[in-house]
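Quick note: residue numbers are just sequence positions, from 1. Excluded from the calculations below are hydrogen atoms, water molecules and symmetry mates; all remaining heavy atoms, backbone and side chain alike, are included.
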Amino acid sequence: MQKYLKNQIFKIISEVIKSEDKEAYVIGGFVRDLILKRPSKDIDIMVIGSGIDIAKKVANKIGKNTKITVFKNFGTAMLKYKDLEIEFVGARKESYNRNSRKPVVENGSLNDDLNRRDFTINALAISLNSANYGELIDSFNGLLHIENKLIKTPLDPVKTFSDDPLRMIRAVRFASQLDFKIDKDAINAIIENIERIKIVSRERINDELDKIILSNKPSIGFKILEETGLLAEIFPELDKLKGVEVIDNKAHKDVFLHSVEVLDNIAGVTNNLWLRWAALLHDIGKPYTKKFIAKQGWTFHGHDFYGAKMIPWLFKKMKFPSNEKMKYVQKLVLLHLRPIALAQEEVTDSAIRRLLFDTGDDIDDLIMLCKADITSKNRDKVVKYLDNFQLVYQKLKEVEEKDSIRNFQPPVSGEIIMKTFNIIPCKKVGIIKNAIKEAILDGIICNNYNEAFDFMLKKGVEMGLSVKK
């Protein structure tokens, strides 16, 4: 494995531990990613002894200006070397109290530290010691499991997941990120330990969900979450989308499977985390609006409005950021049917203006979401929709270039209205402003000051107002 240790930092650490008569190993995810040829900038160095002391000596050897951050409570230290972040930690032995996923930590040996690792693919180590520099330590067949694309735990999976239930979602996350399978015994252990997930903080769960969503094919992870029952525990609203109901030989699509397919589609064109969340949640209101109408079949009228209303409550419940990110997702959920409707009919400038006005700078993301939402198995239908979307998009660009509607404010302000008619702030000011906006969106007047001012004068007179002289 010496070929993997070309970076000068490994030689520096090796020289330091030799002079200090200590042992150290590159361990965990960095080793796994080296073998998988995945880029990684985070290196974990496990020291038999004090990781903080070795980190300080390595920093001194690199140079006086090398900054080191010490986390004394955790017994770790971190430093940066060029574009790498390197964390030093002493070898540990862990034991757990059933009511907490925070372990009782003691100093340990190399084997103790490998035993506490979550998965065999993360329990690989490369020696930095002069006697066997570059040797791979693989106590649990992690290399074989990487070759076989398998997620397994080093020890009994029931105990592993019971001790730290977050590892159940981490198993799903690694399966999704790496396109690996989870070992059957580990799957059964997840099912057995489902209730234990309740002791894990919402923030840690969200962090893993974000990583699943950001994987190349996130449906892998969400399908495993559903199959094991984890989804029902950590995201019951999404779990509620699954299943197909049949009445009079008429069935609707499985909304859960459709949603994760849309998520996969959008993952192929963007790394925008919150656009991916919007794709996953775009039909979240369907279970609450589902109706069967004789001679018509299944309908989900208003699911866009209902879903948008759910988003603030859902974000608060799940402890997601209740700020611009939430509003962004809510907007896309609310508007996700609008471009689809336009693609099915003749597009008018007025409809385009209104879509641009309501969407603002997020119009490109909305179109991206709508394209991802086409999951029909009928290839001709898909091609037709995409062609129509291209026409809609072209019209959007033409209208925007002509009318400058995106994020527009009426050219005539409330102050001008009040000054012109010599009135104080009142309901009439709002009525006139709204009338100007509607006239522009409907194409009655152009989006410029002169036409808007003339329209304001006529509207004011209609309302019985007199122009100030």
Side-chain angles (χ1 to χ4, degrees), residues 1 3-4 25-44 46 84-85 87 114 116-126 136-155 157 160-161 164-191 193 197 200 204-228 230-231 234-235 257 260-261 263-273 276-277 279-280:
M1 299 292 287
K3 65 180 179 178
Y4 292 124
Y25 302 83
V26 188
I27 199 161
F30 185 79
V31 180
R32 177 201 69 230
D33 288 342
L34 279 176
I35 295 167
L36 287 168
K37 298 181 180 177
R38 298 174 79 224
S40 180
K41 300 295 184 183
D42 299 322
I43 301 175
D44 291 327
M46 187 265 289
L84 300 173
E85 282 197 354
E87 185 170 3
L114 293 176
R116 74 179 183 83
R117 299 281 158 172
D118 50 6
F119 309 112
T120 60
I121 62 173
N122 295 332
L124 295 161
I126 301 176
L136 178 70
I137 292 90
D138 182 8
S139 304
F140 301 102
N141 291 318
L143 191 57
L144 177 64
H145 297 151
I146 287 176
E147 291 172 359
N148 292 335
K149 298 184 131 189
L150 193 63
I151 307 289
K152 284 177 67 78
T153 58
L155 305 177
T160 297
F161 294 148
D164 185 355
L166 182 65
R167 289 171 175 166
M168 297 189 289
I169 305 181
R170 281 172 58 82
V172 178
R173 187 251 291 185
F174 281 120
S176 194
Q177 284 181 327
L178 304 176
D179 194 12
F180 280 23
K181 299 289 184 185
I182 301 177
D183 173 66
K184 186 177 179 181
D185 289 341
I187 287 287
N188 291 335
I190 289 173
I191 294 169
N193 279 285
I197 200 65
V200 181
R204 296 305 299 273
I205 291 172
N206 290 346
D207 185 52
E208 295 299 325
L209 287 177
D210 283 347
K211 290 173 181 176
I212 291 172
I213 279 193
L214 287 172
S215 57
N216 289 335
K217 192 175 181 182
S219 64
I220 293 172
F222 280 99
K223 285 178 181 178
I224 299 172
L225 289 173
E226 187 276 317
E227 289 162 5
T228 57
L230 277 171
L231 191 67
I234 65 173
F235 205 157
L257 293 178
V260 295
E261 186 179 353
L263 176 57
D264 279 352
N265 288 345
I266 207 123
V269 293
T270 179
N271 289 321
N272 181 334
L273 172 64
R276 291 190 181 200
W277 268 111
L280 183 64

For this session: Would you check, one step at a time, whether the test side-chain contact (heavy atoms from CB on, under 4.5 Å) holds for V172 with I220?
Result: CA-CA 8 Å; V172 178; I220 293 172; over 6 Å; no
Supply the atom-to-atom distance [X] [atom1] to [Y] [atom2], rounded to the nearest 0.5 angstrom.
X	Y	atom1	atom2	value
Q177	R38	CD	CZ	5.5 Å
L178	R173	CG	CZ	9.0 Å
L230	I224	CG	CD1	10.0 Å
F180	N148	CZ	CG	9.0 Å
M168	T153	CE	OG1	12.5 Å
D264	S219	CG	OG	3.0 Å

How about [X] and [Y]: do any of their side-chain heavy atoms sit closer than 4.5 Å?
X	Y	result
R32	I146	yes
I137	L124	no
I43	V26	yes
L209	L225	yes
I212	F222	yes
R167	T160	yes

Can you see which heavy atom on [X] is nearest to which on [Y], and at what distance?
X	Y	answer
I213	P218	O-CG, 3.5 Å
Y25	A125	CB-CB, 4.1 Å
I197	P165	CD1-O, 3.6 Å
L143	D138	N-OD2, 3.1 Å
A186	F161	O-CE1, 3.4 Å
A123	P154	CB-CG, 4.4 Å

Problem set entry | With sequence neighbours excluded, residues passing side chain to side chain contact (heavy atoms under 4.5 Å, CB included) with E85 |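 In terms of side chain to side chain contact (heavy atoms under 4.5 Å, CB included), with neighbours along the sequence ignored, E85 is linked to D42, M78, K80.
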So does [Y] get a backbone contact from the side chain of [X], meaning a donor-acceptor N/O pair under 3.5 Å?
X	Y	result
R276	I266	no
N141	L144	no
D164	L166	yes
D33	P39	no

* **From CA spacing to verdict: side-chain contact (heavy atoms from CB on, under 4.5 Å), I121, I35** => CA-CA 10 Å; I121 62 173; I35 295 167; over 6 Å; no
Check the side chains of N122 and R117 for a donor-acceptor pair under 3.5 angstrom, ignoring hydrogens and angles. no
task = Tell me, yes or no, whether the heavy-atom count around N216 atom CG, taken from other residues, nucleotides or ligands under 6.0 Å, exceeds 12.
result = no
Exercise. Do I191 and I187 pass the side-chain contact (heavy atoms from CB on, under 4.5 Å) test, and can you show the C-alpha distance, the side-chain angles, and the key distance before you say yes or no?
Worked result: CA-CA 6 Å; I191 294 169; I187 287 287; 4.1 Å; yes
- Item | Salt-bridge contact R170-D118 (side-chain N to carboxylate O under 4.0 Å) |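 Salt bridge flag = yes for D118 with R170.
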Review point. Hey, what's the ring geometry for F174 with F119, parallel, tilted or perpendicular (30° and 60° as the breaks)?
Key: perpendicular
